[in-house]
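The chains referred to below are lettered A, B, ... by the order of the sequence lines, with proteins before strands, and numbering in each begins at 1.
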Amino acid sequence: MLDRRLIRQEPDAVRDAIARKGLEAPVDEFIKLDEKWRSVTHKRDELKAEMNVASKSIGELMKAGKKEEAEAAKAASASLKAQIQDLEEQERTFESLLEDVELEFPNMPHESAPDGLTPEDNRPVREWGEKPFFAEGTKPHWEIAVEHGLIDFDRASKISGSGFAVYTGIGAKLQRALISLMLDIQTTKNGYDEVYPPALVLGSSLVGTGNLPKFADDLYQADDDLWLIPTAEVPVTNLYRDEIMDGTVLPVKKCAHTPCFRKEAGAAGRDTRGIQRMHQFEKVELVKMVLPERSYDALEELVRDAESVLQALGLHYRVIELCAGDMGDKGCKAYDLEVWAPGIGEYLEISSCTNFEAFQARRANIRFRRGPGEKPEFVHILNGSGLALPRLIAAILESGRLANGDVVLPPALHSYMGIDVISADN
RNA sequence: GGACAGAUGGCCGAGUGGCUUAAGGCGCCCGCCUGCUAAGCGGGUUGGGGGUGAACGCCCCCUCCCGGGUUCGAAUCCCGGUCUGUCCGCCA
(Lines give C-alpha, C1' and ligand atoms only; values in the text may rest on other atoms or scores of the structure.)
Protein backbone atom coordinates (compact mmCIF):
# COMPACT_ATOMS: atom_id res chain seq x y z
CA MET A 1 0.00 0.00 0.00
CA LEU A 2 1.27 3.45 -0.86
CA ASP A 3 0.76 6.73 0.94
CA ARG A 4 -2.57 8.18 -0.20
CA ARG A 5 -1.18 11.69 -0.07
CA LEU A 6 1.67 10.73 -2.36
CA ILE A 7 -0.69 9.35 -5.00
CA ARG A 8 -2.86 12.47 -4.74
CA GLN A 9 -0.02 14.92 -4.95
CA GLU A 10 2.36 13.20 -7.36
CA PRO A 11 0.32 10.81 -9.47
CA ASP A 12 2.75 10.93 -12.39
CA ALA A 13 5.77 10.12 -10.26
CA VAL A 14 3.90 7.12 -8.85
CA ARG A 15 2.83 5.95 -12.26
CA ASP A 16 6.34 6.31 -13.69
CA ALA A 17 7.99 4.48 -10.81
CA ILE A 18 5.63 1.54 -11.12
CA ALA A 19 6.08 1.52 -14.87
CA ARG A 20 9.74 0.67 -14.22
CA LYS A 21 8.48 -2.69 -12.99
CA GLY A 22 6.56 -3.15 -16.19
CA LEU A 23 3.37 -2.81 -14.16
CA GLU A 24 0.48 -0.42 -14.23
CA ALA A 25 -1.27 1.04 -11.22
CA PRO A 26 -4.88 2.24 -11.27
CA VAL A 27 -3.80 5.81 -10.51
CA ASP A 28 -6.62 7.55 -12.34
CA GLU A 29 -9.22 5.33 -10.79
CA PHE A 30 -7.76 5.97 -7.37
CA ILE A 31 -7.78 9.74 -7.83
CA LYS A 32 -11.35 9.74 -9.06
CA LEU A 33 -12.58 7.65 -6.15
CA ASP A 34 -10.48 9.54 -3.66
CA GLU A 35 -11.99 12.84 -4.72
CA LYS A 36 -15.50 11.48 -4.46
CA TRP A 37 -14.75 9.91 -1.12
CA ARG A 38 -13.28 13.10 0.29
CA SER A 39 -16.13 15.29 -0.91
CA VAL A 40 -18.76 12.92 0.51
CA THR A 41 -16.86 12.61 3.77
CA HIS A 42 -16.48 16.34 4.07
CA LYS A 43 -20.17 16.98 3.46
CA ARG A 44 -21.17 14.28 5.91
CA ASP A 45 -18.92 15.72 8.61
CA GLU A 46 -20.43 19.16 8.18
CA LEU A 47 -23.95 17.85 8.55
CA LYS A 48 -22.93 15.76 11.52
CA ALA A 49 -21.51 18.82 13.20
CA GLU A 50 -24.87 20.53 12.70
CA MET A 51 -26.69 17.51 14.00
CA ASN A 52 -24.50 17.29 17.09
CA VAL A 53 -25.28 20.89 17.96
CA ALA A 54 -29.00 20.29 17.45
CA SER A 55 -29.01 17.16 19.60
CA LYS A 56 -27.27 18.92 22.38
CA SER A 57 -29.76 21.75 22.41
CA ILE A 58 -32.64 19.27 22.44
CA GLY A 59 -31.13 17.71 25.52
CA GLU A 60 -30.93 21.11 27.18
CA LEU A 61 -34.52 21.98 26.29
CA MET A 62 -35.71 18.68 27.74
CA LYS A 63 -33.82 19.32 30.90
CA ALA A 64 -35.33 22.80 31.18
CA GLY A 65 -38.78 21.23 30.80
CA LYS A 66 -39.51 22.96 27.47
CA LYS A 67 -41.17 19.94 25.93
CA GLU A 68 -42.82 21.67 23.01
CA GLU A 69 -39.71 23.45 21.81
CA ALA A 70 -37.81 20.20 22.07
CA GLU A 71 -40.38 18.39 19.94
CA ALA A 72 -40.19 21.14 17.33
CA ALA A 73 -36.41 20.85 17.20
CA LYS A 74 -36.69 17.08 16.80
CA ALA A 75 -38.98 17.48 13.83
CA ALA A 76 -36.62 20.02 12.30
CA SER A 77 -33.68 17.64 12.41
CA ALA A 78 -35.48 14.87 10.52
CA SER A 79 -34.28 15.92 7.07
CA LEU A 80 -30.74 16.42 8.33
CA LYS A 81 -30.79 12.87 9.55
CA ALA A 82 -31.98 11.53 6.23
CA GLN A 83 -29.21 13.38 4.40
CA ILE A 84 -26.59 12.08 6.78
CA GLN A 85 -27.75 8.51 6.35
CA ASP A 86 -27.58 8.86 2.61
CA LEU A 87 -24.08 10.30 2.74
CA GLU A 88 -22.90 7.63 5.14
CA GLU A 89 -23.99 4.95 2.76
CA GLN A 90 -22.12 6.67 -0.05
CA GLU A 91 -19.09 7.07 2.16
CA ARG A 92 -19.03 3.34 2.93
CA THR A 93 -19.33 2.48 -0.72
CA PHE A 94 -16.52 4.80 -1.82
CA GLU A 95 -14.26 3.83 1.06
CA SER A 96 -14.59 0.18 0.19
CA LEU A 97 -14.00 0.79 -3.51
CA LEU A 98 -11.03 2.95 -2.64
CA GLU A 99 -9.52 0.24 -0.50
CA ASP A 100 -9.95 -2.31 -3.25
CA VAL A 101 -8.10 -0.07 -5.67
CA GLU A 102 -5.47 0.80 -3.10
CA LEU A 103 -4.65 -2.85 -2.46
CA GLU A 104 -4.00 -3.31 -6.17
CA PHE A 105 -1.11 -0.84 -6.19
CA PRO A 106 2.31 -2.46 -6.50
CA ASN A 107 5.14 -0.95 -4.51
CA MET A 108 7.44 1.56 -6.15
CA PRO A 109 11.03 0.47 -6.84
CA HIS A 110 13.81 2.42 -5.17
CA GLU A 111 15.71 4.75 -7.48
CA SER A 112 18.86 2.68 -6.99
CA ALA A 113 17.23 -0.49 -8.34
CA PRO A 114 18.54 -1.16 -11.85
CA ASP A 115 16.25 -0.57 -14.82
CA GLY A 116 15.02 -3.59 -16.69
CA LEU A 117 12.20 -6.05 -16.93
CA THR A 118 13.83 -9.47 -17.21
CA PRO A 119 16.46 -11.48 -15.31
CA GLU A 120 19.02 -10.49 -17.97
CA ASP A 121 18.88 -6.97 -16.55
CA ASN A 122 19.77 -8.10 -13.05
CA ARG A 123 23.14 -6.88 -11.79
CA PRO A 124 25.75 -9.27 -10.40
CA VAL A 125 27.14 -7.79 -7.19
CA ARG A 126 29.70 -10.25 -5.88
CA GLU A 127 30.70 -13.89 -5.73
CA TRP A 128 31.99 -15.93 -2.83
CA GLY A 129 34.19 -19.02 -3.10
CA GLU A 130 34.86 -20.89 -6.30
CA LYS A 131 33.10 -23.45 -8.39
CA PRO A 132 34.36 -26.82 -7.21
CA PHE A 133 36.07 -28.92 -9.88
CA PHE A 134 35.01 -32.52 -10.51
CA ALA A 135 37.50 -34.42 -12.69
CA GLU A 136 35.06 -37.31 -13.04
CA GLY A 137 31.92 -35.22 -13.05
CA THR A 138 29.16 -35.09 -10.50
CA LYS A 139 25.45 -35.82 -10.58
CA PRO A 140 22.20 -33.96 -10.11
CA HIS A 141 20.96 -34.12 -6.54
CA TRP A 142 17.91 -36.22 -7.37
CA GLU A 143 20.18 -39.05 -8.46
CA ILE A 144 22.47 -38.68 -5.46
CA ALA A 145 19.49 -38.55 -3.10
CA VAL A 146 17.99 -41.75 -4.48
CA GLU A 147 21.40 -43.47 -4.56
CA HIS A 148 21.80 -42.95 -0.83
CA GLY A 149 18.17 -43.36 0.15
CA LEU A 150 17.82 -39.77 1.28
CA ILE A 151 14.61 -38.92 -0.55
CA ASP A 152 11.75 -41.15 -1.71
CA PHE A 153 10.15 -39.41 -4.68
CA ASP A 154 7.94 -42.30 -5.75
CA ARG A 155 6.18 -42.75 -2.48
CA ALA A 156 5.86 -38.98 -2.11
CA SER A 157 3.85 -38.75 -5.31
CA LYS A 158 1.85 -41.80 -4.29
CA ILE A 159 0.63 -40.14 -1.11
CA SER A 160 0.50 -36.46 -2.18
CA GLY A 161 0.88 -36.21 -5.95
CA SER A 162 3.56 -34.31 -7.79
CA GLY A 163 5.71 -31.64 -6.18
CA PHE A 164 6.35 -33.36 -2.86
CA ALA A 165 9.27 -35.20 -1.31
CA VAL A 166 9.59 -37.74 1.46
CA TYR A 167 12.91 -37.26 3.22
CA THR A 168 14.12 -40.53 4.70
CA GLY A 169 16.83 -41.56 7.15
CA ILE A 170 19.95 -39.44 6.77
CA GLY A 171 18.10 -37.25 4.29
CA ALA A 172 15.55 -36.32 6.93
CA LYS A 173 18.30 -35.81 9.47
CA LEU A 174 20.25 -33.60 7.08
CA GLN A 175 17.28 -31.29 6.74
CA ARG A 176 16.81 -31.19 10.51
CA ALA A 177 20.51 -30.51 11.04
CA LEU A 178 20.51 -27.65 8.56
CA ILE A 179 17.50 -26.05 10.24
CA SER A 180 19.26 -26.18 13.60
CA LEU A 181 22.52 -24.86 12.17
CA MET A 182 20.81 -21.94 10.46
CA LEU A 183 18.75 -20.97 13.49
CA ASP A 184 21.85 -21.21 15.68
CA ILE A 185 23.83 -18.95 13.35
CA GLN A 186 21.09 -16.35 13.16
CA THR A 187 20.36 -16.31 16.89
CA THR A 188 23.89 -16.50 18.27
CA LYS A 189 25.96 -14.68 15.63
CA ASN A 190 23.56 -12.33 13.88
CA GLY A 191 21.29 -11.24 16.71
CA TYR A 192 17.88 -12.57 15.64
CA ASP A 193 15.18 -13.77 18.04
CA GLU A 194 13.76 -17.17 17.22
CA VAL A 195 10.01 -17.62 16.87
CA TYR A 196 7.89 -20.54 15.82
CA PRO A 197 4.61 -19.23 14.41
CA PRO A 198 1.46 -20.93 13.09
CA ALA A 199 1.54 -22.24 9.53
CA LEU A 200 -2.15 -21.44 9.07
CA VAL A 201 -3.19 -17.80 9.07
CA LEU A 202 -6.26 -15.66 8.53
CA GLY A 203 -6.76 -13.92 5.23
CA SER A 204 -6.20 -10.58 6.92
CA SER A 205 -2.61 -11.58 7.64
CA LEU A 206 -2.02 -12.31 3.98
CA VAL A 207 -3.44 -8.91 3.08
CA GLY A 208 -0.95 -7.39 5.49
CA THR A 209 2.07 -8.85 3.72
CA GLY A 210 0.66 -8.21 0.25
CA ASN A 211 -0.18 -11.77 -0.83
CA LEU A 212 -3.92 -11.14 -0.86
CA PRO A 213 -6.02 -10.15 -2.63
CA LYS A 214 -3.83 -10.18 -5.74
CA PHE A 215 -2.03 -13.49 -5.43
CA ALA A 216 -4.69 -15.83 -4.07
CA ASP A 217 -3.94 -18.28 -6.89
CA ASP A 218 -0.49 -19.00 -5.44
CA LEU A 219 -1.92 -20.06 -2.09
CA TYR A 220 -3.56 -23.08 -0.55
CA GLN A 221 -6.75 -22.29 1.28
CA ALA A 222 -7.50 -24.70 4.10
CA ASP A 223 -10.86 -23.40 5.24
CA ASP A 224 -13.18 -20.44 4.78
CA ASP A 225 -10.62 -17.94 5.98
CA LEU A 226 -7.64 -20.07 7.01
CA TRP A 227 -4.74 -20.28 4.60
CA LEU A 228 -1.47 -22.19 4.51
CA ILE A 229 1.47 -19.83 4.69
CA PRO A 230 3.69 -19.52 1.60
CA THR A 231 6.53 -18.30 3.85
CA ALA A 232 7.14 -17.48 7.52
CA GLU A 233 7.24 -13.85 6.41
CA VAL A 234 3.46 -13.84 6.69
CA PRO A 235 2.92 -14.85 10.33
CA VAL A 236 6.12 -13.22 11.58
CA THR A 237 5.43 -9.83 9.99
CA ASN A 238 1.87 -9.93 11.24
CA LEU A 239 2.99 -10.50 14.83
CA TYR A 240 3.06 -6.73 15.11
CA ARG A 241 -0.06 -5.92 13.12
CA ASP A 242 -2.03 -2.96 14.50
CA GLU A 243 0.65 -2.24 17.06
CA ILE A 244 2.60 0.90 17.89
CA MET A 245 6.07 0.00 19.07
CA ASP A 246 8.32 2.07 21.23
CA GLY A 247 11.01 3.26 18.80
CA THR A 248 13.71 2.12 21.18
CA VAL A 249 12.89 -1.55 20.51
CA LEU A 250 13.90 -1.14 16.86
CA PRO A 251 15.40 -2.86 15.04
CA VAL A 252 13.20 -5.90 15.62
CA LYS A 253 14.96 -8.96 14.18
CA LYS A 254 13.15 -12.29 14.03
CA CYS A 255 14.12 -15.64 12.56
CA ALA A 256 11.69 -18.49 12.13
CA HIS A 257 11.66 -21.99 10.74
CA THR A 258 8.35 -23.05 9.20
CA PRO A 259 7.05 -25.21 6.42
CA CYS A 260 5.99 -23.21 3.36
CA PHE A 261 3.17 -24.10 1.00
CA ARG A 262 2.93 -22.87 -2.57
CA LYS A 263 0.77 -23.94 -5.45
CA GLU A 264 3.44 -23.14 -8.04
CA ALA A 265 0.69 -23.29 -10.63
CA GLY A 266 2.01 -23.21 -14.17
CA ALA A 267 5.59 -23.77 -13.09
CA ALA A 268 5.82 -27.32 -14.46
CA GLY A 269 8.77 -28.07 -16.74
CA ARG A 270 12.13 -26.45 -16.32
CA ASP A 271 13.57 -26.00 -12.85
CA THR A 272 11.16 -28.50 -11.38
CA ARG A 273 13.28 -31.65 -11.38
CA GLY A 274 14.35 -33.03 -8.07
CA ILE A 275 13.58 -30.76 -5.16
CA GLN A 276 13.99 -27.38 -6.80
CA ARG A 277 10.34 -26.40 -6.72
CA MET A 278 8.03 -28.05 -4.22
CA HIS A 279 4.49 -27.49 -3.00
CA GLN A 280 5.75 -27.92 0.54
CA PHE A 281 9.22 -27.07 1.76
CA GLU A 282 11.02 -25.95 4.88
CA LYS A 283 12.64 -22.57 5.21
CA VAL A 284 14.31 -20.39 7.80
CA GLU A 285 13.15 -16.83 7.31
CA LEU A 286 14.61 -13.55 8.54
CA VAL A 287 12.32 -10.57 9.19
CA LYS A 288 13.46 -7.12 10.26
CA MET A 289 11.53 -4.00 11.27
CA VAL A 290 13.67 -0.89 11.35
CA LEU A 291 13.69 2.90 11.43
CA PRO A 292 12.88 4.25 7.95
CA GLU A 293 16.19 6.06 7.62
CA ARG A 294 18.03 2.82 8.40
CA SER A 295 16.30 0.44 6.01
CA TYR A 296 18.82 0.46 3.17
CA ASP A 297 21.72 -0.22 5.51
CA ALA A 298 19.55 -2.89 7.08
CA LEU A 299 19.05 -4.48 3.67
CA GLU A 300 22.81 -4.81 3.16
CA GLU A 301 23.12 -6.37 6.62
CA LEU A 302 20.26 -8.73 5.90
CA VAL A 303 22.00 -10.00 2.78
CA ARG A 304 25.21 -10.54 4.78
CA ASP A 305 23.23 -12.45 7.41
CA ALA A 306 21.80 -14.78 4.79
CA GLU A 307 25.22 -15.15 3.15
CA SER A 308 26.79 -16.14 6.44
CA VAL A 309 25.00 -19.49 6.26
CA LEU A 310 26.40 -20.30 2.82
CA GLN A 311 29.84 -19.26 3.98
CA ALA A 312 29.57 -21.47 7.05
CA LEU A 313 28.75 -24.36 4.72
CA GLY A 314 31.54 -23.44 2.29
CA LEU A 315 29.21 -23.29 -0.71
CA HIS A 316 30.03 -21.18 -3.74
CA TYR A 317 27.39 -18.56 -4.46
CA ARG A 318 26.79 -15.19 -6.03
CA VAL A 319 24.77 -12.15 -5.07
CA ILE A 320 22.50 -10.56 -7.67
CA GLU A 321 20.81 -7.20 -7.46
CA LEU A 322 17.37 -7.52 -9.03
CA CYS A 323 16.22 -5.06 -11.64
CA ALA A 324 12.95 -3.20 -11.10
CA GLY A 325 10.99 -5.59 -13.30
CA ASP A 326 12.24 -8.80 -11.67
CA MET A 327 11.77 -8.04 -8.00
CA GLY A 328 8.07 -8.67 -7.90
CA ASP A 329 5.11 -6.65 -6.83
CA LYS A 330 5.92 -5.73 -3.26
CA GLY A 331 9.59 -4.78 -3.14
CA CYS A 332 11.54 -1.53 -3.39
CA LYS A 333 14.91 -3.17 -3.71
CA ALA A 334 15.93 -6.80 -3.64
CA TYR A 335 18.97 -9.05 -3.77
CA ASP A 336 18.95 -12.73 -4.62
CA LEU A 337 21.49 -15.23 -3.36
CA GLU A 338 22.20 -17.94 -5.90
CA VAL A 339 24.05 -21.05 -4.79
CA TRP A 340 26.07 -23.09 -7.25
CA ALA A 341 24.67 -26.54 -7.93
CA PRO A 342 27.47 -28.34 -9.82
CA GLY A 343 25.43 -31.45 -10.63
CA ILE A 344 22.85 -29.43 -12.53
CA GLY A 345 25.44 -26.88 -13.59
CA GLU A 346 23.30 -23.94 -12.56
CA TYR A 347 23.05 -21.30 -9.93
CA LEU A 348 19.90 -21.83 -7.86
CA GLU A 349 18.00 -18.99 -6.23
CA ILE A 350 18.21 -19.83 -2.56
CA SER A 351 17.38 -16.55 -0.88
CA SER A 352 15.63 -13.36 -1.78
CA CYS A 353 16.28 -10.36 0.46
CA THR A 354 13.92 -7.45 0.05
CA ASN A 355 13.30 -4.00 1.48
CA PHE A 356 9.59 -3.22 1.33
CA GLU A 357 9.98 0.15 3.03
CA ALA A 358 6.53 1.04 4.45
CA PHE A 359 4.49 -0.96 1.92
CA GLN A 360 3.72 -3.85 4.25
CA ALA A 361 3.71 -1.70 7.39
CA ARG A 362 0.95 0.41 5.89
CA ARG A 363 -1.12 -2.63 4.91
CA ALA A 364 -0.62 -4.29 8.29
CA ASN A 365 -0.65 -1.02 10.26
CA ILE A 366 2.68 -1.58 12.01
CA ARG A 367 4.04 1.60 13.55
CA PHE A 368 6.51 2.98 16.05
CA ARG A 369 6.87 6.14 18.07
CA ARG A 370 10.23 7.88 18.29
CA GLY A 371 9.51 9.30 21.73
CA PRO A 372 6.75 10.32 24.13
CA GLY A 373 4.31 12.67 22.43
CA GLU A 374 5.65 11.98 18.93
CA LYS A 375 3.37 10.96 16.09
CA PRO A 376 3.35 7.27 15.20
CA GLU A 377 5.23 6.44 11.99
CA PHE A 378 5.29 3.33 9.84
CA VAL A 379 8.30 1.07 10.29
CA HIS A 380 10.24 -0.17 7.33
CA ILE A 381 10.05 -3.93 6.93
CA LEU A 382 12.54 -6.25 5.28
CA ASN A 383 12.78 -9.97 4.93
CA GLY A 384 14.96 -12.61 3.41
CA SER A 385 15.32 -16.34 3.31
CA GLY A 386 18.01 -17.68 5.50
CA LEU A 387 17.74 -20.15 3.72
CA ALA A 388 15.34 -22.38 1.76
CA LEU A 389 16.07 -26.03 2.55
CA PRO A 390 15.50 -28.05 -0.63
CA ARG A 391 17.89 -26.11 -2.84
CA LEU A 392 20.40 -25.93 -0.03
CA ILE A 393 20.31 -29.71 0.30
CA ALA A 394 20.65 -30.01 -3.47
CA ALA A 395 23.75 -27.81 -3.46
CA ILE A 396 25.31 -29.68 -0.53
CA LEU A 397 24.78 -33.07 -2.15
CA GLU A 398 26.04 -31.99 -5.55
CA SER A 399 29.00 -30.06 -4.16
CA GLY A 400 30.17 -32.77 -1.77
CA ARG A 401 29.99 -35.81 -4.02
CA LEU A 402 33.23 -37.69 -4.48
CA ALA A 403 34.21 -39.83 -7.46
CA ASN A 404 33.32 -42.97 -5.47
CA GLY A 405 29.79 -41.72 -4.86
CA ASP A 406 30.23 -40.74 -1.20
CA VAL A 407 29.06 -37.28 -0.19
CA VAL A 408 31.34 -35.25 2.08
CA LEU A 409 29.34 -33.04 4.45
CA PRO A 410 30.52 -29.50 5.26
CA PRO A 411 32.43 -29.45 8.59
CA ALA A 412 29.84 -27.11 10.14
CA LEU A 413 27.33 -29.96 9.92
CA HIS A 414 29.44 -32.73 11.41
CA SER A 415 28.40 -32.23 15.01
CA TYR A 416 24.75 -31.83 14.02
CA MET A 417 24.82 -34.97 11.86
CA GLY A 418 27.09 -37.20 13.89
CA ILE A 419 28.79 -38.25 10.64
CA ASP A 420 31.20 -36.56 8.24
CA VAL A 421 30.38 -38.46 5.09
CA ILE A 422 27.28 -39.96 3.56
CA SER A 423 28.46 -43.29 2.18
CA ALA A 424 27.12 -46.73 1.34
CA ASP A 425 27.98 -47.79 4.92
CA ASN A 426 25.42 -45.57 6.56
C1' G B 1 -18.70 -28.99 18.96
C1' G B 2 -22.25 -27.31 23.44
C1' A B 3 -23.30 -23.95 27.79
C1' C B 4 -22.28 -19.69 30.60
C1' A B 5 -19.47 -15.16 31.61
C1' G B 6 -16.62 -11.16 29.99
C1' A B 7 -14.08 -7.15 26.57
C1' U B 8 -13.98 0.64 28.80
C1' G B 9 -7.73 5.12 27.74
C1' G B 10 -0.41 3.08 28.51
C1' C B 11 -2.39 -0.01 33.07
C1' C B 12 -6.30 -0.88 36.95
C1' G B 13 -11.28 0.34 37.28
C1' A B 14 -16.47 3.13 37.72
C1' G B 15 -20.31 3.95 34.59
C1' U B 16 -28.33 0.96 32.61
C1' G B 17 -30.16 6.81 27.11
C1' G B 18 -28.62 13.77 27.55
C1' C B 19 -25.19 16.91 33.88
C1' U B 20 -19.47 11.74 30.39
C1' U B 21 -15.84 16.83 27.28
C1' A B 22 -15.48 8.66 30.29
C1' A B 23 -15.33 9.34 37.47
C1' G B 24 -11.31 7.71 40.55
C1' G B 25 -6.51 5.54 40.96
C1' C B 26 -1.64 4.08 38.92
C1' G B 27 2.09 5.18 35.39
C1' C B 28 4.36 8.82 32.25
C1' C B 29 5.53 14.14 30.67
C1' C B 30 5.94 19.56 31.83
C1' G B 31 6.03 23.30 35.54
C1' C B 32 6.09 25.05 40.83
C1' C B 33 8.07 24.02 45.51
C1' U B 34 12.16 21.71 47.93
C1' G B 35 20.21 20.83 50.23
C1' C B 36 19.48 15.95 46.75
C1' U B 37 15.68 12.20 46.42
C1' A B 38 10.79 11.36 48.00
C1' A B 39 6.34 13.82 49.29
C1' G B 40 3.16 18.02 48.07
C1' C B 41 0.75 21.58 44.49
C1' G B 42 -0.80 22.91 39.30
C1' G B 43 -1.24 21.40 34.25
C1' G B 44 -0.91 17.69 30.47
C1' U B 45 -1.20 12.51 28.62
C1' U B 46 -5.67 7.32 22.84
C1' G B 47 -5.59 6.85 17.98
C1' G B 48 -7.53 7.67 12.82
C1' G B 49 -9.58 10.75 8.85
C1' G B 50 -10.78 15.42 6.52
C1' G B 51 -10.29 20.77 6.08
C1' U B 52 -7.34 25.35 6.55
C1' G B 53 -2.57 27.82 6.98
C1' A B 54 4.21 29.59 4.99
C1' A B 55 4.48 27.78 9.97
C1' C B 56 3.53 27.25 15.71
C1' G B 57 -1.42 26.09 15.05
C1' C B 58 -6.76 26.17 14.48
C1' C B 59 -11.63 23.82 12.99
C1' C B 60 -14.77 19.47 12.01
C1' C B 61 -15.93 14.12 12.07
C1' C B 62 -14.98 9.37 14.09
C1' U B 63 -12.82 6.31 18.14
C1' C B 64 -15.47 2.56 25.23
C1' C B 65 -13.56 -5.27 20.98
C1' C B 66 -15.50 -5.16 15.46
C1' G B 67 -19.77 -4.36 11.96
C1' G B 68 -24.78 -3.06 11.41
C1' G B 69 -29.40 -1.07 13.67
C1' U B 70 -33.01 1.77 17.05
C1' U B 71 -33.13 7.09 18.71
C1' C B 72 -33.19 14.14 17.95
C1' G B 73 -29.17 11.85 21.03
C1' A B 74 -25.80 5.30 22.48
C1' A B 75 -19.99 3.19 26.42
C1' U B 76 -25.25 2.32 27.93
C1' C B 77 -30.78 -0.57 24.11
C1' C B 78 -31.29 -4.40 19.72
C1' C B 79 -29.02 -7.81 15.87
C1' G B 80 -24.63 -10.25 13.80
C1' G B 81 -19.49 -11.39 14.52
C1' U B 82 -14.38 -11.75 16.85
C1' C B 83 -11.42 -12.78 20.88
C1' U B 84 -10.62 -14.19 26.11
C1' G B 85 -12.07 -17.01 30.51
C1' U B 86 -14.74 -21.14 32.93
C1' C B 87 -17.32 -25.84 32.60
C1' C B 88 -18.78 -30.11 29.46
C1' G B 89 -17.55 -33.19 25.11
C1' C B 90 -13.51 -34.76 21.94
C1' C B 91 -8.30 -35.13 21.52
C1' A B 92 -1.74 -35.46 20.43
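Checked against rG50(B), rG47(B), rC72(B), the side chain of H42(A) finds its nearest nucleotide in rG50(B). Closest to the N52(A) side chain, of the nucleotides rU70(B), rC61(B), rG18(B), is rC61(B). Comparing rU70(B), rG73(B), rG47(B) by their nearest atom to the side chain of P376(A) picks out rG47(B). Residue D45(A) has its side chain nearest to rC61(B) when only rG18(B), rC61(B), rG50(B) are considered. Here the side chain of M51(A) is nearest to one of rG49(B), rG48(B), rG73(B), namely rG73(B).
For rA23(B) and rU76(B), the C1' atoms lie 15 Å apart once the distance is rounded to whole Å.
Residue R92(A) is the one, among A78(A) and R92(A), whose nearest nucleotide of RNA chain B lies closer to the 5' end (criterion: closest heavy atom).
The nucleotide rC33(B) finds no pairing partner, because no Watson-Crick or G-U wobble arrangement with both distances shorter than 3.5 Å includes it. Judged by Watson-Crick or G-U wobble contacts below 3.5 Å, the nucleotide rA74(B) has no partner. Nucleotide rG57(B) is matched to rU52(B) when pairs are restricted to Watson-Crick or G-U wobble geometry with both distances under 3.5 angstrom. Pair assignment for rG27(B) gives rU45(B), based on Watson-Crick or G-U wobble hydrogen-bonding distances that are each under 3.5 Å. Base pairing analysis places rA7(B) opposite rU82(B); the two distances defining the Watson-Crick or G-U wobble pair are each below 3.5 Å.
Among the atoms of the strands shown, none is found under 4.0 Å from any heavy atom of R362(A). If you check every strand for non-hydrogen atoms under 4.0 Å, A49(A) touches sugar and phosphate atoms only. Contact annotation for K56(A): no contact, since no heavy-atom pair falls under 4.0 Å across all strands. Residue-level contact check: K375(A) touches the backbone only, with heavy atoms under 4.0 Å from sugar-phosphate atoms and none from bases. Residue-level contact check: E95(A) touches neither bases nor backbone, having no heavy atom under 4.0 Å from any strand. Using a 4.0 Å heavy-atom cutoff across all strands shown, R369(A) reaches sugar-phosphate atoms only and no base atom. Contacts of S77(A) with the nucleic acid, taken as non-hydrogen atoms under 4.0 Å apart, involve only primed sugar atoms and P, OP1 or OP2.
With rounding to the nearest 0.5 angstrom, the CZ atom of F105(A) is 8.5 Å from the CZ atom of R15(A).
Heavy-atom minimum distance, R262(A) versus P230(A): NE-O, 2.9 Å.
Checked by atom type, the side-chain pair S308(A)/N190(A) shows a donor-acceptor distance below 3.5 Å.
K81(A) has a side-chain polar atom (N or O) that falls below the 4.0 Å cut-off from OP1 or OP2 of rG73(B).
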